[in-house]
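Comments concern the structure below.
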Amino acid sequence: MSETSPRLRTELEGIPTYKPGKPAAAGGPVAYKLSSNENPYPPLPGVMESVTAAALSFNRYPDMACTGLMCELAERFGVPESHIATGTGSVGVAQQLVQATSGPGDEVIYAWRSFEAYPIITQVSGATSVQVPLTPGDVHDLDAMADAITDRTRLIFVCNPNNPTGTVVRRAELERFLDRVPRDVLVVLDEAYREFIRDIEVPDGVELYRERPNVCVLRTFSKAYGLAGLRVGFAIAHEPVAAALRKTAVPFGVSQLAQEAAIASLRAEDELLGRVGSLVCERTRVLEALRAQGWTVPETQANFVWLRLGERTTDFAAACEQAGVVVRPFAGEGVRVTIGETEANDIFMKVAEDFHRDL
Ligand SMILES: *Cc1c(COP(=O)(O)O)cnc(C)c1O
């Protein structure tokens, strides 16, 4: 009798595993985690209070429709509630979008290197990834992406700013690109780092969505709002895309703790965006220091910087870890380093300085 196991979909073979940023080493002298683009600030007291209050009733299912949060978001962005869909982080919503649009034989286009979740969620749905290389300056090559569209294309991700390079696409080029995309192809503007953008030429995806029924905007509470551990993100999209997101949602996916924290965070937006401002100042400080040390660093509009280290990537990551900061290496390509606490940034800059001197 031959050994058998339950039959699994062949599409699952060879799916790359998502590599979470390594946790900060325990037991070392200092240990900072600069590997997952998280917000280094602890939860605001008011947000914490709303979560602890919600914790008193976690024997109950959450509000499946996220009524309170939907209402806040609709007001905050000036869009109808029917155009909003919440999910378990914006990665969860991105997966629903692929599931809702693409299956075997269909193509999903995105830049590469970009967010590592894109190949995974595309392959899970059975669709084919079409990866369009970034330009030599590590920016989305929108012309090449438009050229890659075929009649099998169903969805295109534009990660703006791009993870892990931090680079952006600006209004004129993005509009020209959108003009070239057929109306029946969904363009997903992944704006996980929107709040960190200071370049006024970068368009707000929500403005682009208003005029274009095939544009969907993804936002998250994980980065600027500091709720990465609670898993809540959302999309703003026209019908029928928003309706498709409601159909593909896992029932009760967003916990009540996450819903209450998100609502409290929107109400504490001024304070949270003040923190974002401090991180943006740190970003400038880090970027200027690295360039003064002699590094070529792409202009970043996110809460991280990208060092294209090629073969030296793993050595650099090891040197950082030795010094007390954990960064995110992409072997053979480069390292992505989150802008964190001032002390953590200082350690990283010192490692970078020593490393560059020895190059
Ligand atoms: C961090 C990140 C997200 C957000 O992930 P969540 O699931 O909302 O925590 C989405 N897109 C990109 C490009 C990211 O870097």
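This one's a predicted model, so the numbers in the text were calculated from it and none came from an experiment. Counting convention: from 1, in listed order, for ligands and their atoms alike.
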Going by the atom numbers of ligand 1, which of them fall below 4.0 Å from some non-hydrogen atom of [X]?
X      : result
Asn163 : 13 (C), 14 (C), 15 (O)
Ala192 : 2 (C), 3 (C), 10 (C), 11 (N), 12 (C), 14 (C)
Ser222 : 6 (P), 8 (O), 9 (O)
Cys159 : 13 (C)

Thr220 to ligand 1: N or O pair under 3.5 Å?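 Yes.
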
If you measure every N/O of Arg231 against every N/O of ligand 1, is any gap under 3.5 Å?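 N/O-N/O distance below 3.5 Å exists for this pair.
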
Would you say the ring centers of Tyr32 and Phe348 fall short of 6.0 Å from each other?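 No - the distance between ring centres of Tyr32 and Phe348 does not fall below the 6.0 Å cut-off.
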
Suppose we call two aromatic rings close when their centres sit under 6.0 Å apart. Are Phe330 and Trp306 close by that rule?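 Yes: the rings meet the under 6.0 Å criterion.
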
Hey, is Val91 touching ligand 1 through its side chain, its backbone, both or neither, going by heavy atoms under 4.0 Å?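 The part of Val91 near ligand 1 is both the backbone and the side chain.
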
Show the atom names and distances, to 0.1 Å, of all donor-acceptor pairs under 3.5 Å that link a side chain in residues 352-359 to residues at least two apart or in another chain.
from: Asp354; atom 1: OD1; to: Lys350; atom 2: NZ; distance (Å): 3.2
from: Asp354; atom 1: OD1; to: Arg357; atom 2: NH1; distance (Å): 3.3
from: Asp354; atom 1: OD2; to: Lys350; atom 2: NZ; distance (Å): 2.9
from: His356; atom 1: ND1; to: Gln293; atom 2: O; distance (Å): 3.1
from: His356; atom 1: NE2; to: Gly294; atom 2: O; distance (Å): 3.2

So, Asp204 and Arg171, do they make that salt bridge, N to O below 4.0 Å?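 No, no charged N to carboxylate O under 4.0 Å.
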
Suppose we measure from atom 11 (N) of ligand 1 to each protein heavy atom; which comes out shortest, and what is that distance?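 Result: Asp190 OD2, 2.8 Å.
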
Can you tell me the protein heavy atom closest to atom 4 (C) of ligand 1 and the distance?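 It is Ser90 OG, 3.1 Å.
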
For Tyr193, is the nearest heavy atom under 4.0 Å from an atom of ligand 1?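 It does; at least one heavy atom falls under 4.0 Å.
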
May I ask whether Val98 and Tyr118 are part of the same hydrophobic cluster, defined by side-chain heavy atoms of I, L, V, M, F, W, Y residues being less than 4.5 angstrom apart, directly or through others?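 Same cluster.
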
Please compare Gln95, Lys223, Arg219 and report which has the shortest non-hydrogen distance to atom 14 (C) of ligand 1.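 Nearest option to atom 14 (C) of ligand 1, by heavy atoms: Lys223.
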
Rounded to the nearest 0.5 Å, what separation is found between the OG1 atom of Thr300 and the CD1 atom of Ile339?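 Result: 7.0 Å between the selected atoms.
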
Does Phe196 have Arg194 sitting over its ring (NZ/CZ under 6.0 Å from centre, angle to axis within 45°)?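 No, Arg194 does not sit over the ring of Phe196.
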
List the atom pairs, with distances to 0.1 Å, where a side-chain N or O of residues 41-58 and a protein N or O form a donor-acceptor pair under 3.5 Å, not counting sequence neighbours.
from: Ser50; atom 1: OG; to: Val47; atom 2: O; distance (Å): 2.8
from: Thr52; atom 1: OG1; to: Met48; atom 2: O; distance (Å): 2.7
from: Thr52; atom 1: OG1; to: Glu49; atom 2: O; distance (Å): 3.1
from: Ser57; atom 1: OG; to: Ala54; atom 2: O; distance (Å): 3.4

